[in-house]
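These notes concern the structure reproduced below.
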Protein chains: 2
Amino acid sequence: MMELTRKSDYAIRGIVYLAGKPVDKVYLLSDIAAAVDVPPTFLAKIFQQFSKMGLVKSFRGTGGGFMLGRLPETITLLEVVEAVEGPIIPNRCVATPSDCDRSGICTVHPVWIRVQEEVRRVLAGVTLKDLATKE
Amino acid sequence: MMELTRKSDYAIRGIVYLAGKPVDKVYLLSDIAAAVDVPPTFLAKIFQQFSKMGLVKSFRGTGGGFMLGRLPETITLLEVVEAVEGPIIPNRCVATPSDCDRSGICTVHPVWIRVQEEVRRVLAGVTLKDLATKE
DNA sequence: CCTAATAAGATATAAATTGTCTTTTTAGGG
DNA sequence: CCCTAAAAAGACAATTTATATCTTATTAGG
């Protein structure tokens with residue numbers, strides 16, 4: 001339970017790297033991937049998702065690359081994780097409570113809700129600015 | 001991220017069922033599995049694990065079956081989940097910090113520690129007695 | 001129009017999940 | 001003693017998810 005996927009880990013590395021750089025410049029995917037030690041083709045997929053959601057902006061063609069879509073202090077770790085993995089759901093019954101309807105009431109359900117809340121609270125309390133390491 | 005496996009869900013159903021019954025009696029695996037709607041062979045594997053860890057006691061042969069290994073108020077949900085899935089590890093770097101040693105210090109690491117602590121805290125605060133629904 | 005770069009989609013491989021099946025061991029009862 | 005009822009243990013199988021890679025298309029600049 002609870003294990004982050006590689007994809008999310010890679011995603012965080014990549015976007016935190018951007019957050020630690022001057023935000024108005026464009027960075028090559030290949031350079032980012034090399035800097036954070038992630039397979040470039042995999043990071044490309046991740047950043048494509050991010051781009052659709054506005055977390056990063058992409059520019060094609062010569063001189064293209066990626067930059068952060070918003071200021072680092074306005075992007076939370078929760079947003080990043082959920083952008084990659086979808087909503088944080090400790091158990092399927094949290095997403096679709098009808099799954100829980102064995103025997104009328106499920107006593108465990110409220111516990112998963114609390115787990116979800118606590119995890120979201122922690123992740124929502126950290127921004128990319130907090131995570132970015134300026135060099 | 002964070003999704004409980006079926007195995008854990010089944011495990012919880014099974015052991016909570018036991019916790020809701022008179023604790024000094026023995027229950028057939030096949031009956032438990034039918035009552036909580038879990039494949040019997042799968043639940044068997046889970047209860048074998050539980051048995052090794054003392055969460056349940058097993059009895060073989062005629063008249064055999066399973067009962068809780070300890071009183072319901074002394075078994076936490078955390079124990080049950082970790083008995084099935086192993087320790088709660090939001091990211092591999094929490095288990096093996098050496099993984100985290102890209103670029104000296106990893107700023108995200110402490111966040112995963114906090115996530116781990118919060119999840120454990122919630123789950124440790126709930127016992128099987130709390131979850132058991134007496135009929 | 002040529003080149004540099006991302007976008008999109010198809011495909012491939014490996015690992016984990018979710019089981020099942022068979023054989024063995026243990027225990028009780030006639 | 002057998003015979004039967006039950007769990008224990010281990011091997012095996014199917015499905016799904018994770019982890020990529022490859023190819024082709026699109027976009028932009030010079």
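Note that these values count all heavy atoms, side chains included, but never hydrogens, waters or copies made by symmetry. Chain identifiers are assigned alphabetically (A, B, ...) following the order of the sequence lines, protein sequences preceding nucleic acid strands; residue numbering begins at 1 within each chain. What you are looking at is a predicted structure, and each value in this text was computed from that prediction instead of being measured.
- Not a single donor-acceptor pair under 3.5 Å links the side chain of A:Asp31 to the backbone N or O of A:Leu28.
- Taking the 5' to 3' direction, DNA chain C first and last meets chain B under 4.0 angstrom from a heavy atom at C:dT18 to C:dG28.
- Of the listed residues (A:Lys7, A:Arg6, A:Arg13), just one forms a salt bridge (charged side-chain N to carboxylate O under 4.0 Å, His left out) with A:Asp9, and that residue is A:Arg13.
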Heavy atoms under 4.0 Å is the rule here; annotate nucleotides 15-27 of chain D 5' to 3' with B where the base is hit, S where only the sugar-phosphate is, and - elsewhere.
----SSB----BB
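- Panel note: side chain B:Glu82, backbone B:Ile88; a donor-acceptor pair is recorded below 3.5 Å.
- Backbone-only engagement by B:Lys52 is indicated by non-hydrogen atom pairs under 4.0 Å involving sugar-phosphate atoms exclusively.
- Of all the heavy atoms in B:Met67 and B:Val26, the pair that sits closest is CE-CG2, 3.6 Å.
- Here B:Phe66 lies in heavy-atom contact (under 4.0 Å) with sugar-phosphate atoms only.
- Distance alone, capped at 3.5 Å, places no donor-acceptor pair between the A:Arg114 side chain and the B:Val122 backbone.
- Across all strands, A:Phe47 comes closer than 4.0 Å to no nucleic acid atom at all (heavy-atom distances).
- Across B:Pro40 and B:Leu29, no two heavy atoms sit closer than the pair O-CD2, 3.6 Å.
- For the pair B:Phe59 CZ and D:dA8 C1', the computed distance is 15 Å after rounding to whole Å.
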Between A:Glu118 and B:Arg120, does a salt bridge (charged side-chain N to carboxylate O under 4.0 Å, His left out) hold up when you go through it step by step?
CA-CA 11 Å; A:Glu118 292 299 313; B:Arg120 289 177 55 94; over 6 Å; no
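- A:Ser51 comes within 4.0 angstrom of the backbone, heavy atoms only, and of no base.
- For an aromatic pair to be called close, the ring centres must be under 6.0 Å apart, and A:Tyr27 with A:Phe66 fails this.
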